[in-house]
Engineer: 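This is the structure I want to talk about, given as structure tokens.
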Amino acid sequence: MADTKDLPHSDGPAGGWGSLKGIARVFGETWADPGAIETLGRLNKPGGVMCVSCAWPKPANYSAFEFCENGAKAILWELTSARCTPEFWHDHTVTELRDWPDHDLEMTGRLTRPLKYDPETDRYVAIDWDTAFAEIGATLAPMDPDSVVFYASGHAGLEASYLYALFARLFGTNNLPQSSNMCHETTSVGLKKVIGSPVGTILWDDLEQADAFFFFGQNPGTNSPRFLHPLQEAKKRGASVITFNPIREQGLVAFVNPQSITDMVTGHETEISDQYHQLQSGGDVAAILGLCKVVIEADDAAKAEGQPRVLDVDFIAEHTTGFDTFIAKARAVPWDDITRESGLTEAAMRDAAAVYITSERVIGVYGMGLTQHTHGALNIAMLVNLLLLRGNIGRPGAGCCPVRGHSNVQGQRTVGIWEKAEHQPNDKLKELFDFNPPMKDGYAIVDAIDALTKGKVKAFLSLGGNLVRAVPDQKRTEVAWAAQDLTVIVSTKLNRSHLFPGKSAYILPCLTRNEVDEQATGPQSVTSEDSFSMISGSTGHRKPASEHLKSELAIVCGLAKATLPALPSLKWDDWTDDYGLVRDLIEATYPDDFHDFNARMFQPGGFWRGNPAHDRVWKTDAGKAVFTTPDELTGIGFQNRPGRYRLLTMRSNDQFNTTIYGYSDRFRGIEGTREVVLMNPDDIAAAGLTDGQTVRLICDLDDGHDRRLGGLKLVAYNIPRGTVGSYYPETNVLVPLSHHDELSKTPASKSVPVRVEWDDQAD
Ligand SMILES: Nc1nc2c(c(=O)[nH]1)N[C@H]1C(S)=C(S)[C@@H](COP(=O)(O)OP(=O)(O)OC[C@H]3O[C@@H](n4cnc5c(=O)[nH]c(N)nc54)[C@H](O)[C@@H]3O)O[C@H]1N2
Ligand SMILES: Nc1nc2c(c(=O)[nH]1)N[C@H]1C(S)=C(S)[C@@H](COP(=O)(O)OP(=O)(O)OC[C@H]3O[C@@H](n4cnc5c(=O)[nH]c(N)nc54)[C@H](O)[C@@H]3O)O[C@H]1N2
Ligand SMILES: [Mo]
């Protein structure tokens, strides 16, 4: 087996001086307004701004700098002094810009004016707000509600999101897909099915009490760096971290806390993972079953010897269902199957299980490595199986911790941005607004894009995001997107989705959360919900990037007012004047979760919305937590065959989804380019390829569509055989729309069947 020791790797631990260099680089390149530094000091603290990057919770006992490298980059990126004004379009056409990389599009700066596409000149031109609203309203009003989609990327605050969902339902549709349909929808559906809660069960205190963290497919160093602080604390008091991930992610290996002067000066590293198991992509069902098998075996031995039981038998008897079938399966499956499907040795799984068995309180952490698979919901159910065996849900220091993506992605679901009619308080909506909410389920993302490509969707509204770039089968989507009658995208910066304008197309530029949002009753605050279901207020302090910007809430109200018939219950103007009135509506709609909303929104660390599973109340069909028995150990949605690899699409440390800050993935030692394929050196040799060669990836699914991406540099890398890695969103041309989680339809972007070939066109 080839030695992977000298292959590209990180330039040091996560955090540390490297993170400050990363921040400084973005500061320099984006010419951020120097006042932005002051904004960083206010980040994630009461009275300040809740970070616009990820949804990691904010501690009530915050430190002087409660931000991380990537949160700082996200803020500086927003507070750039560059402006993409209407004059930009004098020099560029939409068609020309399609050749620009994502990074360059956003580097043009903040959008300053509402824009309308002019097909004659193939350019966007400035339009005033009233005309834009009136034209959009006039186009939308007569359309069939089923043919219109209201997308939201998980960014906008609870107030704007609540009104956006209301707008869609008043218009007559539940077509309210959200970015989580590509992300943690697997959690919303899969976790709900087994523990009755669609969100994580732990709170901040649990982090401080856990004895062990089991990490499956989540990369905190890049995607939720503030998580590294409580992890570092946990390590200091002797907790264990056991990681399952095909790639050795630096944030899970070692960390220097940039908020600790001592750490920074001494370069003191905290080792994060005690064990690091590089399983193959899609190997989690098998790996977790292996762990469960060892736990059950240990319990059998304890029972035979009259020792204390390893299983929490009382908990299992009182709180769960499906246990007998599950353990029968775990006992019966041979180790050979488990090691083949996981790519791990039996010894490795025994080592991990030993920590699980000897830890009193365990938290199971997961991210896209579990959710973005054809068997994503099963992955989550398997992790829950493991936790249930020892009663590790619903008691202090233990639980299930899905790490959510966008800063308010979870909250948007809470206040109605959800395509499922059954999850809505329809009676309340009817009572409050005097209309009959639509009762037919709307489209999730995969269904919406499918309907789009079939010509059934005629108009798309986007509250943020860059949907055309984020979805599977991106090339087909681009064509279908541009064939629509109307596209309306509320944005802060130019992105690829703007470059496929519908017959009528508008870009509506908005304020960001960092900026002062001045309305008739004074400056407004907004709220968001983090991964622990904590709700926090956020107040912007920066001067808006342009005097012509509107808030997301004002834009939603402007569009709704211009589209819908007037009703006495619909006070779009009053709501724009005073967001507190919208919070009153949210409270009236969801009284249990949001009582005293306006009074509680600035509580340090946020206020908790509650979660029945946290208190061992299981809102499942059976009224109990569910053990799930897997039918098979592999669920990647395709067969293994020679020359076919599992492509995992990854995020670099220099991007936020489709926003590409730069070309430095320093934790993985990949610099200056994103056009790479990471591959095991033995696979490279076996395929007759050479390190550094230019290759193409071809989707290896026989469904009649040709999907390929060339010009990629092959990089010999420490990654398991059979698994290859390449960056998202560039790889979205390779992901088939049909390749998704069976239950939730989350695209299976972590295990795409591909072939790797020499790119003879490029060399
Ligand atoms: N800086 C920054 N922060 C972000 C984002 C960003 O792009 N940049 N995106 C935000 C969003 S929207 C989200 S959803 C989150 C995403 O954050 P994460 O959930 O961390 O998502 P990814 O980085 O896509 O993948 C996580 C890890 O899964 C591993 N993995 C891949 N396949 C498998 C597998 O089969 N099994 C296992 N066990 N592991 C696997 C990958 O190697 C990777 O380390 O982060 C949010 N925060
Ligand atoms: N292959 C593959 N595909 C994936 C993934 C993957 O891991 N692999 N990950 C998936 C995941 S987890 C997600 S969440 C999606 C992300 O999909 P989206 O959420 O749709 O995409 P983003 O890249 O987050 O959107 C970036 C754009 O949002 C706009 N924006 C930024 N801030 C604001 C704001 O404050 N307000 C408004 N209105 N607009 C703003 C800017 O114009 C920016 O260009 O992609 C998914 N696609
Ligand atoms: Mo996400």
Side-chain angles (χ1 to χ4, degrees), residues 52-56 68-71 73-74 77-78 102 105-106 111 151-156 160 178-184 215-225 243-249 251-252 277 279-284 287 366-373 379 402-407 409 445 462-472 474 489-498 507-514 552 555 636 646 648-659 661 719 723 725 727-732 734-735 746-747 749-752:
V52 297
S53 191
C54 78
W56 183 251
C68 67
E69 169 180 357
N70 285 331
K73 282 190 201 166
W77 194 251
E78 279 194 6
D102 301 294
L105 289 173
E106 290 213 20
L111 294 158
Y151 170 67
S153 154
H155 204 113
Q178 195 215 15
S179 53
S180 69
N181 286 140
M182 299 172 274
C183 176
H184 269 288
F215 265 83
F216 290 87
Q218 201 271 329
N219 183 13
T222 286
N223 297 324
S224 51
T243 296
F244 293 82
N245 193 315
I247 298 181
R248 263 182 89 79
E249 302 288 21
L252 285 161
H277 300 293
L279 78 183
Q280 65 177 331
S281 149
D284 300 86
Y366 70 89
M368 299 299 99
L370 288 199
T371 65
Q372 294 180 334
H373 281 289
N379 277 336
V403 182
R404 304 296 301 240
H406 276 293
S407 54
V409 65
I445 290 291
S462 288
L463 184 58
N466 184 6
L467 189 63
V468 175
R469 191 64 166 148
V471 290
Q474 194 206 316
I489 308 185
V490 181
S491 303
T492 51
K493 292 203 177 173
L494 194 59
N495 65 44
R496 194 164 175 88
S497 296
H498 302 132
I507 303 175
L508 304 180
C510 65
L511 293 171
T512 75
R513 211 181 286 159
N514 290 301
E552 289 171 313
I555 295 171
I636 47 175
R646 303 164 180 205
L648 67 83
T649 62
M650 25 176 230
R651 294 170 155 77
S652 85
N653 186 49
D654 219 3
Q655 74 181 87
F656 190 92
N657 298 339
T658 70
T659 295
Y661 303 128
I719 189 168
T723 299
Y727 290 116
Y728 142 74
E730 290 83 346
T731 41
N732 267 341
L734 297 167
V735 186
T746 305
S749 323
K750 291 293 183 270
S751 214
V752 183

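Whatever order the structure lists them in is the order used to number ligands and atoms, beginning at 1.
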Engineer: So for C510, does at least one of its heavy atoms come nearer than 4.0 angstrom to any atom of ligand 2?
Structural biologist: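 Under 4.0 Å: yes for C510.
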Engineer: Taking atom 45 (O) of ligand 1 as the point of reference, which of N223, T658, I636 owns the nearest heavy atom?
Structural biologist: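 Looking at heavy atoms only, the winner is N223.
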Engineer: Have a look at M182, Q655, R651, Q280 and point out the one with the heavy atom closest to atom 8 (N) of ligand 1.
Structural biologist: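 The option holding the nearest heavy atom is Q655.
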Engineer: At under 4.0 Å between heavy atoms, which part of N653 makes contact with ligand 1: side chain, backbone, both or neither?
Structural biologist: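 For N653, no heavy atom sits under 4.0 Å from ligand 1.
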Engineer: Does any N or O of ligand 2 fall below 3.5 Å from an N or O anywhere on Q372, backbone included?
Structural biologist: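 In this structure, Q372 places an N or O atom under 3.5 Å from an N or O of ligand 2.
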Engineer: Are any of the heavy atoms in P246 under 4.0 Å away from ligand 1?
Structural biologist: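 The answer is yes, since P246 has a heavy atom less than 4.0 Å from ligand 1.
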Engineer: Nearest heavy atom to atom 38 (N) of ligand 1 wins, so pick from D284, T243, I247.
Structural biologist: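 Heavy atom nearest to atom 38 (N) of ligand 1 belongs to D284.
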Engineer: Provide, to 0.1 Å, the distance between atom 37 (C) of ligand 2 and the closest protein heavy atom, together with that atom's residue and name.
Structural biologist: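 Going by distance alone, atom 37 (C) of ligand 2 is nearest to E552 OE2, 3.1 Å.
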Engineer: Below a 4.0 angstrom heavy-atom separation, can you tell me which part of E249, side chain or backbone, both or neither, approaches ligand 1?
Structural biologist: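 It is the side chain that touches ligand 1; the backbone stays farther off.
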Engineer: For ligand 2 and V735, I'd like to know whether there is a polar contact (N/O to N/O, distance under 3.5 Å).
Structural biologist: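 In this structure, V735 places no N or O atom under 3.5 Å from an N or O of ligand 2.
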Engineer: Non-hydrogen atoms of K750 versus ligand 2: any pair closer than 4.0 Å?
Structural biologist: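 Yes, that is the case, since the closest heavy atom of the residue is under 4.0 Å from the ligand.
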Engineer: Say you draw a straight line from CE of M182 to OG of S749; how long is it, rounded to the nearest 0.5 Å?
Structural biologist: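 The CE atom of M182 sits 9.0 Å away from the OG atom of S749.
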Engineer: Starting at CZ of R469, measure out to CG of N495 and round the result to the nearest 0.5 Å.
Structural biologist: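 R469 CZ to N495 CG: 10.0 Å, rounded to 0.5 Å.
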Engineer: Do Y366 and H184 have ring centres separated by under 6.0 Å?
Structural biologist: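 So the answer is yes for these two rings.
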Engineer: Considering only heavy atoms, does M650 approach ligand 1 within less than 4.0 Å through its side chain, its backbone, both, or neither?
Structural biologist: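 The answer is neither; M650 stays 4.0 Å or more away.
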Engineer: Mind checking whether N732 contacts ligand 2 via backbone (N, CA, C, O), side chain (CB onward), both or neither, at a 4.0 Å heavy-atom cut-off?
Structural biologist: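 Answer for N732: side chain.
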Engineer: Taking 4.0 Å as the limit for heavy-atom contacts, which would you say applies to N657 with ligand 1: side chain only, backbone only, both, or neither?
Structural biologist: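 Both backbone and side chain of N657 come within 4.0 Å of ligand 1.
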Engineer: Quick one: look at Y151 and ligand 2, take heavy-atom pairs under 4.0 Å, and tell me if it's side chain, backbone, both or neither.
Structural biologist: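 For Y151, only side-chain atoms sit under 4.0 Å from ligand 2.
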Engineer: Who's closest to atom 33 (C) of ligand 1 heavy-atom-wise, of G154, G369, S751?
Structural biologist: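 Going through G154, G369, S751 one by one, G369 has the nearest heavy atom to atom 33 (C) of ligand 1.
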Engineer: When you compare ligand 2 with H406, is there at least one nitrogen or oxygen pair between them that comes in under 3.5 angstrom?
Structural biologist: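 Right, the criterion is met.
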Engineer: If you measure from atom 39 (N) of ligand 1 to every heavy atom of S281, G217, S153, G725, which option wins on shortest distance?
Structural biologist: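 Residue with the shortest heavy-atom distance to the ligand atom: G217.
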